Number of protein chains: 2
Amino acid sequence: MSVARDTIDVRQNILAAAQQIMAAKGFSAVGLNEILVSAGVPKGSFYHYFGSKEAFGEALLAGYFEDYLTALDSTLAEPGLSHAVRLMNYWQRWQDSQGSLDCQGKCLAIKLAAEVSDLSEAMRLALKSGTTGIIERLARAIEAGVAEGSVVIEDKPYATAEMLYYLWMGASLMAKIRRTPAPFETASATTRRILSLPAH
Amino acid sequence: MSVARDTIDVRQNILAAAQQIMAAKGFSAVGLNEILVSAGVPKGSFYHYFGSKEAFGEALLAGYFEDYLTALDSTLAEPGLSHAVRLMNYWQRWQDSQGSLDCQGKCLAIKLAAEVSDLSEAMRLALKSGTTGIIERLARAIEAGVAEGSVVIEDKPYATAEMLYYLWMGASLMAKIRRTPAPFETASATTRRILSLPAH
DNA sequence: AACACAATTAGACCAGTCGTCTAGAGAGGG
DNA sequence: CCCTCTCTAGACGACTGGTCTAATTGTGTT
């Protein structure tokens with residue numbers, strides 16, 4: 001209705017369309033045209049909403065991580081479960097979303113990280129703050145799990161969280177290369193061992 | 001001298017130039033022009049040596065892994081060292097090459113994997129066979145380390161090799177995002193623990 | 001109803017893309 | 001000495017890229 005509302009919708013539509021397309025094809029390989037056609041927004045409008053393709057990419061990543069972190073927060077706060085179970089739920093969902101049949105798992109971070117972090121400082125920083133947020137939350141959950149006794153670790157919680165996140169990033173990359181969810185099995189088993197949880 | 005020799009040189013020059021440029025900027029973001037100018041080769045020659053940009057990318061990856069694997073073989077066969085030390089040497093060199101001052105560590109696999117594996121089946125397969133080769137060699141070295149007693153692991157050698165490779169891929173990605181070699185420290189410490197080696 | 005002013009769009013713009021194609025340069029064999 | 005065949009040369013075509021200016025549309029106030 002109001003102008004402001006429509007404006008936000010259009011902006012959001014562009015971002016949503018881009019998220020799908022860029023999660024499949026990357027950043028440089030996708031032209032604004034394709035995104036705008038898919039969003040039903042005329043080309044001329046783009047620079048009304050975003051200053052440049054780079055600024056657009058930054059906004060895309062920022063929005064992506066915002067949603068991602070709130071979902072992560074709720075996964076790690078689900079009532080009635082131990083922190084150990086909550087953590088494994090998180091990784092189970094990661095696996096489900098990345099390994100889905102539509103080969104384009106929707107993790108923008110994995111898809112764009114290598115390509116974009118040498119290309120645009122702004123996008124790199126968006127990636128950095130988003131991934132740091134993820135690791136921090138995982139570290140807190142691990143710490144809480146240790147405190148309640150559902151998780152036992154050898155290293156410090158933060159280092160453990162970092163290590164597990166790297167492991168799952170690498171597994172995602174490898175799943176893309178191999179077109180198989182097998183790497184997630186390996187990552188999952190390792191995660192259980194690192195957290196001293198019983199095998200699946 | 002001979003025609004054949006020169007031909008190989010030109011081809012190799014193009015590939016060498018591309019390896020540097022693409023390790024920095026990715027695949028789609030780089031035009032053939034830039035590569036050819038940098039290699040001092042006219043455009044007309046390109047299509048004499050390669051059928052398309054995609055076929056070129058495939059050859060680039062194949063050549064990259066060929067070199068990579070022979071270097072890996074010699075690292076893992078250095079005389080007078082235990083397998084445990086050889087393995088840690090490999091990762092130390094990984095760290096050195098990736099974390100170097102010229103921010104463009106030269107690992108094509110990390111740089112191109114996510115971008116390219118959804119873009120070209122041929123390139124994806126090159127990536128797949130190359131990374132599989134790396135993991136196989138690591139697995140053999142771990143197995144030999146277990147046999148000689150310098151390495152102790154909980155899981156099977158192959159699964160351990162996979163897991164460690166994922167960990168280091170993820171750490172490399174994160175090092176790119178953060179522009180810090182810190183992730184390698186975490187990966188290194190974890191690797192030591194997984195292999196039951198004394199802390200550094 | 002008419003105006004001012006902001007929000008939005010159409011389309012031009014040029015640099016750059018990949019790939020093609022026609023000439024010709026250069027070397028080896030006979 | 002010529003003929004042939006590999007390789008070089010770079011202009012060219014058809015097209016897409018991101019960006020920007022100029023015009024259009026819409027809104028709210030008088």
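A quick note: this is a predicted structure, and the numbers were derived from the prediction, not measured. Chain identifiers are assigned alphabetically (A, B, ...) following the order of the sequence lines, protein sequences preceding nucleic acid strands; residue numbering begins at 1 within each chain.
- An OP1 or OP2 oxygen of C:dT8 is reached within less than 4.0 angstrom by no side-chain nitrogen or oxygen of A:Ser45.
- Straight-line distance from the CZ atom of B:Phe50 to the C1' atom of C:dT20: 18 Å, rounded to whole Å.
- At a cut-off of 3.5 Å, with distance as the only test, no side-chain donor of B:Arg86 or B:Thr75 sits close to an acceptor on the other residue.
- OP1 or OP2 of C:dT17 sits under 4.0 Å from a side-chain N or O of B:Asn33.
- When the P atom of D:dC7 is taken as reference, atom CG of B:Asp9 falls 12 Å away, rounded to whole Å.
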Between N or O atoms, less than 3.5 Å apart, protein on one side and nucleotides 19-23 of chain D on the other: list the pairs.
residue : atom : partner : partner atom : Å
D:dT19  : OP2  : A:Tyr47 : OH           : 2.0
D:dT19  : OP2  : A:Lys53 : N            : 3.0
D:dT19  : O5'  : A:Tyr47 : OH           : 2.8

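- The distance from atom CD of B:Glu34 to atom C1' of C:dA15 is 14 Å, rounded to the nearest whole Å.
- A salt bridge is defined here as a Lys NZ or Arg NE, NH1 or NH2 lying under 4.0 Å from an Asp or Glu carboxylate O, and A:Asp118 with B:Lys25 fails to meet this definition.
- For residues 126-144 of chain B, the side chain to side chain donor-acceptor pair (under 3.5 Å) pairs, not counting sequence neighbours, are B:Asp73-B:Arg137.
- Between A:His48 and the phosphate of C:dA7, there is no side-chain N or O to OP1/OP2 separation shorter than 4.0 Å.
- Rounding to whole angstrom units, CG of residue B:Leu36 and P of C:dT20 are separated by 15 Å.
- Whole-Å rounding puts the B:Ile14 CD1 to D:dC7 P distance at 12 Å.
- If you look at B:Phe56 and B:Phe46, their ring centroids are closer than 6.0 Å.
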Donor-acceptor pairs are to be reported for all side-chain atoms of residues 144-154 of chain A against protein atoms at under 3.5 Å, with residues two or more places apart or in another chain.
residue  : atom : partner  : partner atom : Å
A:Glu148 : OE2  : A:His83  : N            : 2.7
A:Glu148 : OE2  : A:Ser150 : OG           : 2.6
A:Ser150 : OG   : A:Ala84  : N            : 3.3
A:Glu154 : OE1  : B:Arg193 : NE           : 3.4

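- Judged by distance alone, the side chains of A:Glu115 and A:Ser28 do bring a donor and an acceptor atom under 3.5 Å apart.
- The CZ-P distance, from B:Arg11 to D:dT8, rounds to 13 Å in whole Å.
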